[in-house]
Protein chains: 2
Amino acid sequence: MNDPLDTVFAALADPTRRAILSMLLEDDMAVTDVAEPFQMSLAGISKHLAILAGAGLITQEKRGRVKWCKLEPDALRAASVWMQGFGQFEPVNLEAFERFLAAEFGDGTGTETARQGD
Amino acid sequence: MNDPLDTVFAALADPTRRAILSMLLEDDMAVTDVAEPFQMSLAGISKHLAILAGAGLITQEKRGRVKWCKLEPDALRAASVWMQGFGQFEPVNLEAFERFLAAEFGDGTGTETARQGD
DNA sequence: CCAATCGTCAACCGAATGGTTGAATATGCT
DNA sequence: AGCATATTCAACCATTCGGTTGACGATTGG
């Protein structure tokens, strides 16, 4: 895999990884905490995180025995530019995005009862 | 593969398929003509086209014995919306896109009527 | 020191990918 | 009819992917 577009799009093609990215939108997280909501072994999540890091979509910093995962949204820019070239979509607003998140997890993503307890 | 995001991103993760999409930006094309610039069997390209069609990124219409491939940029909208949610990138212009194409194929990207002899 | 916690590594597995070749199916031309 | 063109199908192959389990190296805390 050479082209960064390859790795970024491949990373985004997996629903678990997209879900992880969405989780990291809210806050940096430790690997174990990232893994918690998933029905998957820790090693499995660790692999997904490695793939996301390989694509530059997250960075991981080890403090003590805990490794913190941080979203790096800038890595999406190149891919976004590439895509926009096709559609010339009108500027996207966050509402549409939140509808999307809601559709994908059916999880309360903000509008009603903003996330409680952080 | 359930989520349309899965299929769209997976389709975009392959450089051959992205190149095909870029070619189709300029014009609809027959399968054989799509295959011509690639060092790959026709059947190989046919498979790639099937994947793109499966993701909704192109449609194929058979007229006579020729199957025409047409770009469907609207299929990118959902993926684009998803991505924009992370970065809130400034609106993207076509210049940036053309720089990208140039970087990826080093091919004349439009300014000088790329299609000769149609 | 000892035990628990955090995370990765290594080996393994089944399924999917990306590609090939050769035969098969349509369609068109003369 | 008969041949060439356009495209897919089917079988096969090597590689990668997504996942598991079990052992392992760090780090922390009693």
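A note on names: the letters A, B, ... follow the listed sequences, proteins ahead of strands, and every chain is numbered from 1. All values below were derived from every heavy atom in this structure, side-chain atoms included, with hydrogens, water molecules and symmetry-related copies excluded.
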Mind checking what makes side chain to side chain donor-acceptor pair (under 3.5 Å) contact with B:S41, not counting sequence neighbours? none
Specify the closest pair of heavy atoms between B:I58 and B:L21, including all atoms of both residues, with the distance to one decimal. CG2-CD2, 3.8 Å
N/O (side chain, A:S41) to phosphate O (OP1/OP2, D:dT20) under 4.0 Å: yes
Would you indicate what A:R63 reaches in the nucleic acid, counting non-hydrogen atoms under 4.0 angstrom: base, sugar-phosphate, or nothing? nothing
Residue set satisfying side chain to side chain donor-acceptor pair (under 3.5 Å) with A:Q39, at least two apart, ordered chain then number -> none
Remember a base hit wins even if backbone is also touched, and classify B:G64 as base, sugar-phosphate or nothing at under 4.0 Å, heavy atoms. sugar-phosphate
I need the CD1-C1' distance between B:I20 and C:dG18, as an integer number of Å. 12 Å
Is there any salt bridge (charged side-chain N to carboxylate O under 4.0 Å, His left out) pair reaching into residues 39-62 of chain A, and which pairs are they, with sequence neighbours excluded? A:E61-A:R63
Whole Å only: how far is the CE atom of A:M40 from the C1' atom of D:dT21? 15 Å
Kindly give the heavy-atom pair with the smallest separation between B:L12 and A:F9, and that separation in Å. O-CD1, 3.4 Å
For atom CZ of A:R18 and atom P of D:dG18, their distance in whole Å: 12 Å
Sequence-aligned protein contact record of nucleotides 7-13 of chain C, with B where the base is within under 4.0 Å of a protein heavy atom and S where only the sugar-phosphate is: BBB-B--
For the pair made of CD1 in A:I51 and P in D:dC17, what is the distance, rounded to whole Å? 7 Å
May I have the distance from A:F38 (atom CZ) to D:dT20 (atom P), rounded to whole angstrom? 12 Å
Identify, with sequence neighbours excluded, every residue that meets side chain to side chain contact (heavy atoms under 4.5 Å, CB included) alongside B:T32. none
Could you state the atom-to-atom distance from CD of B:Q39 to C1' of C:dG18 in whole Å? 16 Å
Ignoring hydrogens, what is the shortest heavy-atom contact between B:D33 and B:M23? Give both atom names and the distance. O-CE, 4.2 Å
Check: B:D14 and A:D6 side chains under 4.5 Å, non-hydrogen atoms: no
Can you give me the closest heavy-atom contact between B:M83 and A:L76, atom names plus distance? CE-O, 3.5 Å
Each stem that DNA chain D is part of, given as range with range (3 or more consecutive Watson-Crick or G-U pairs, under 3.5 Å): C:1-5 with D:26-30, C:7-30 with D:1-24
